[in-house]
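Below you'll find the structure, written out as structure tokens, and then a few comments.
No experiment lies behind these values; they were computed from the predicted model shown.
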Amino acid sequence: MDAAKLKAICLSFPGAFEDFPFGPETSVFKVRAAVAGGARHEAKMFAASAMNPDDWSVSLKCEPALAEQLRAAHPEITGAWHMNKTHWNGVRLDGNLPDAMVRDMVEDSYDLVVASLSRKQQEQLGWARLSGSSGGPR
């Protein structure tokens with residue numbers, strides 16, 4: 001997966017945008033819902049990448065139990081650098097993981113972050129929680 005494809009995946013979700021709070025060398029993908037009157041809620045990060053071809057990776061939020069399973073099964077997945085390693089995976093994008101798997105992990109990260117938003121914000125994003133689960137489709 002290349003930088004353009006990762007960026008396109010991250011920006012394909014409702015309310016997603018790219019930000020550079022750590023400087024121009026690090027793309028941070030966040031989600032935010034608009035509110036009535038033009039005010040905006042605080043944005044929440046769901047992915048971050050230095051977009052560095054020499055060390056191509058992305059940090060993604062993940063449920064702790066799944067994070068452990070993914071790390072045990074794939075050497076390309078580790079605890080994310082400079083992040084809470086219980087909740088964030090660092091995913092090396094060197095071509096060893098299928099693009100579909102990376103896309104699923106990005107979507108899971110987005111869903112975890114949106115699940116933490118208020119119900120009103122979730123509705124504004126067109127995201128619906130599945131009955132009895134912590135996540136769901138958009």
Quick one: are Leu6 and Trp56 in side-chain contact, heavy atoms under 4.5 Å? yes
Rounded at 0.5 Å granularity, tell me how far CZ in Phe29 sits from CG in Leu11. 5.5 Å
May I ask you to check whether over 12 heavy atoms, not counting those of Glu68, lie within 6.0 Å of atom CD? no
If you look at every heavy atom in Cys10 and Ala16, which pair is closest and at what distance? O-CB, 3.2 Å
Decide, yes or no, whether a salt bridge links Arg119 with Glu123 under the criterion of side-chain N to carboxylate O below 4.0 Å. no
Quick check for you: to the nearest 0.5 Å, what is the distance between Leu93 atom CG and Asp2 atom CG? 10.0 Å
Counting only N and O atoms by type, is there a donor-acceptor contact under 3.5 Å from the side chain of Thr26 to the main-chain atoms of Ser49? no
So do the side chains of Pro14 and Gln124 get within less than 4.5 Å of each other, counting heavy atoms only? no
Under 3.5 Å, is there a donor-acceptor pair between the side chain of Gln121 and the main chain of Ser118? yes
dist Leu97:CG -> Asp104:CG (nearest 0.5 Å) comes out at 11.5 Å
Has Tyr110 got a side-chain atom pairing as donor or acceptor with Ala47's backbone, closer than 3.5 angstrom? no
Say whether, by atom type as modelled, one donor and one acceptor occur between the side chain of Gln122 and the main chain of Leu117 under 3.5 angstrom. yes
Looking only at heavy atoms, the pair that brings Met105 and Val91 closest together is CE-CG1, 3.8 Å
Of the non-hydrogen atoms in Arg103 and Phe13, which two are nearest, and what is the gap between them? NH1-CZ, 3.9 Å
Tightest non-hydrogen contact, residues Pro75 and Arg92, listed as O-NH1, 3.7 Å
Can you find a heavy atom in the side chain of Met101 that is under 4.5 Å from one in the side chain of Ile77? yes
Here the gap from Arg32 atom CZ to Met45 atom CE, rounded to the nearest 0.5 Å, amounts to 14.5 Å
Determine, step by step, whether Arg71 and Asn89 satisfy the side-chain contact (heavy atoms from CB on, under 4.5 Å) criterion, reporting the C-alpha distance in whole Å, the side-chain angles of both residues, the deciding distance to 0.1 Å, and the verdict. CA-CA 8 Å; Arg71 292 174 198 169; Asn89 277 339; 2.6 Å; yes
With a 4.5 Å heavy-atom cut-off, do Lys44 and Ser116 have their side chains touching? yes
Do Val28 and Glu18 have side chains that approach each other closer than 4.5 Å (heavy atoms only, starting at C-beta)? no
So which heavy atom on Trp88 is nearest to which on Leu60, and how close? CE3-C, 3.2 Å
Going from CG on Leu112 to SG on Cys62, what distance comes out if it is rounded to the nearest 0.5 angstrom? 7.0 Å
Reported CD-to-CG distance for the pair Glu63 and Asp111, which is rounded to 0.5 angstrom: 10.0 Å
